[in-house]
Protein chains: 2
Amino acid sequence: MAREKIKIRRIDNITARQVTFSKRRRGLLKKAEELAVLCDADVAVVIFSATGKMFEYSSSSMKELLGKYKLHPNNNVEKVGESLNLQESEELSRMGKELLDKDLELSQLRGEDLHGLTLEELERLETLLEGGLSHVLRTKDEQIANQITSLQQKGFQLMEENNLLKQQMMTLTSSNGKRPWSTAAELDISVTNPDDQVLSTDSVTTHVCSCNGGSPPEDDCSDTALKLA
Amino acid sequence: MAREKIKIRRIDNITARQVTFSKRRRGLLKKAEELAVLCDADVAVVIFSATGKMFEYSSSSMKELLGKYKLHPNNNVEKVGESLNLQESEELSRMGKELLDKDLELSQLRGEDLHGLTLEELERLETLLEGGLSHVLRTKDEQIANQITSLQQKGFQLMEENNLLKQQMMTLTSSNGKRPWSTAAELDISVTNPDDQVLSTDSVTTHVCSCNGGSPPEDDCSDTALKLA
DNA sequence: GACGCTATCTATAAAGG
DNA sequence: TCCTTTATAGATAGCGT
């Protein structure tokens with residue numbers, strides 16, 4: 001690709017060599033990138049000039065690419081062994097153990113694999129489960145109480161609004177003596193929230209009653225639950 | 001540089017892409033070698049096809065070259081040296097996530113971090129905990145029942161042995177009319193184990209009553225914690 | 001035959017002396 | 001920059017699995 005063909009051997013003339021290096025280096029890196037892009041390949045190029053300068057191209061992270069290179073089957077076990085660095089494999093096995101531990105604990109908490117356990121271990125589990133259960137029940141009761149409170153507030157608000165509106169209407173229509181609207185007392189306000197989460201009277205009662213010794217709800221309205229209408 | 005100019009973007013046609021890959025790969029490796037020879041440079045090229053095949057060129061030993069790359073001031077030594085293994089780091093992060101999941105589940109089962117949960121989630125936990133608790137209690141009851149049964153057996157066995165011995169002694173000593181031993185009926189057999197784990201009659205009764213369908217004890221008395229006084 | 005890859009041929013774009 | 005030499009797109013054929 002030039003005026004005349006050259007032999008592929010070290011260029012003696014230093015200047016010419018440097019010029020050629022510069023041109024061909026750029027060409028090589030460009031071709032590398034083209035190959036990577038055109039063919040969806042991972043390509044890495046590292047070039048050291050005779051003077052020690054470094055040039056590189058990598059289609060993805062050089063780190064990853066060299067990692068891939070090292071664990072490729074072509075490369076002998078020694079190299080692969082090198083890449084398995086100590087810290088990482090330690091970390092891996094540590095995490096593996098931890099995972100196993102947690103799996104065991106979880107399955108025991110679910111009530112599986114209990115048969116090898118001593119009485120002490122069973123009682124530890126019992127305490128844990130009872131503690132967890134009471135926390136869960138308390139939190140659930142709090143949530144239900146909160147929902148009820150907010151529903152009640154909403155209900156009262158709506159009723160007030162209703163009454164106000166009705167009074168206004170009565171005033172407006174008192175001249176012709178008509179009274180086509182019902183009073184607030186006749187409205188049925190059920191304690192159901194807008195989603196499919198329905199709080200039946202039954203379950204609410206049960207749950208609230210089961211909250212023995214839990215801290216009482218703060219801005220407490222729970223006792224008045226379901227006393228609307 | 002061909003019949004027609006192409007855009008440098010991924011070639012969609014798979015066959016065309018493979019052909020181009022094959023051609024350009026050779027071209028790139030050839031250019032790399034030429035650069036190394038002509039300009040007295042150290043050049044390394046690593047190519048992974050989209051299908052995972054690897055191709056490489058290195059003007060000197062690839063290992064040495066990569067070593068040089070690692071040592072180059074541009075790269076801090078650790079980057080390349082440390083975590084080169086993609087699979088390993090993926091595994092690590094996967095395990096990390098799993099650990100976090102299990103930690104969360106465990107802490108929720110212990111009753112922590114419950115405040116962001118919906119009613120459904122709380123009820124899931126409740127069910128899990130209740131199920132686990134009932135399993136644990138059942139297992140504990142079984143163990144206690146087993147211990148009691150084996151203790152009773154041992155006790156009876158010992159008493160029989162005692163009686164036998166006493167009879168023998170009585171026979172032996174009947175001549176001089178002495179009788180220095182108490183009868184079995186006067187011995188006090190309390191159901192208390194040597195540790196601080198006391199099984200009150202009360203709790204035993206309760207647990208044993210709730211023990212429906214436990215497996216009968218083996219003939220084994222070895223792990224018996226309780227001692228006859 | 002299908003698939004994945006390489007080889008061959010030709011015209012032309014790009015490299016580089 | 002010039003302009004020859006190379007590389008390679010596109011099409012298709014070959015080849016081992």
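In what follows, every chain begins at residue 1, and chains take the letters A, B, ... in the order their sequences are listed. No hydrogens, no waters, no symmetry mates; every other heavy atom, side chains included, goes into these values.
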Hey, is [X] close enough to [Y] for a salt bridge, meaning N to O under 4.0 Å?
X: Glu98(B); Y: Arg94(B); answer: yes
X: Glu34(A); Y: Arg10(B); answer: no
X: Asp40(A); Y: Arg17(B); answer: no
X: Glu33(B); Y: Arg26(B); answer: no

Heavy atoms under 4.0 Å, any strand shown: does [X] hit a base, just sugar-phosphate, or nothing?
X: Val19(A); answer: nothing
X: Thr51(B); answer: sugar-phosphate
X: Lys5(A); answer: sugar-phosphate
X: Lys7(B); answer: nothing

[X] vs [N]: side-chain N/O to OP1/OP2 distance below 4.0 Å:
X: Ser22(B); N: dC5(C); answer: no
X: Thr20(A); N: dG17(C); answer: yes
X: Lys30(B); N: dT6(D); answer: no

Closest heavy-atom pair and its distance - Val43(B), Leu35(B):
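So the two residues come closest at CG2-CD2, 4.1 Å.
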Write down the distance between [atom1] ([X]) and [atom2] ([N]), rounded to a whole number of angstrom.
X: Asn13(B); N: dG10(D); atom1: CG; atom2: C1'; value: 11 Å
X: Arg24(B); N: dC5(C); atom1: CZ; atom2: P; value: 18 Å
X: Ile8(A); N: dT6(D); atom1: CD1; atom2: P; value: 8 Å
X: Ile47(B); N: dC5(C); atom1: CD1; atom2: P; value: 14 Å
X: Glu4(A); N: dT6(D); atom1: CD; atom2: C1'; value: 15 Å

Taking atom types as they are modelled, would you say the side chain of Lys23(B) forms a donor-acceptor pair with the base of dA9(D) within the 3.5 Å cutoff?
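Yes, a donor-acceptor pair under 3.5 Å.
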Please figure out whether Ile6(B) or Gln18(B) has its closest DNA chain C nucleotide nearer the 5' end.
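Per heavy-atom nearest nucleotide, the more 5' residue is Gln18(B).
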I want to confirm an ordering. Mapping Phe21(B) and Leu38(B) to their closest nucleotides on DNA chain C, which one lands closer to the 5' end?
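Going by which nucleotide is closer to the 5' end, it is Phe21(B).
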What nucleotide among [options] has an atom nearest to a side-chain atom of [X]?
X: Arg3(A); options: dC5(C), dC3(D), dA9(D); answer: dC3(D)
X: Arg25(B); options: dG10(D), dC5(C), dC3(D); answer: dC5(C)
X: Arg26(B); options: dA7(D), dA9(D), dA7(C); answer: dA7(C)
X: Glu34(B); options: dC5(C), dA7(D), dA11(C); answer: dA7(D)

Starting at the 5' end of DNA chain D, which residue's closest nucleotide do you reach first, Leu28(B) or Thr15(B)?
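By nearest-heavy-atom nucleotide position, the 5'-most residue is Leu28(B).
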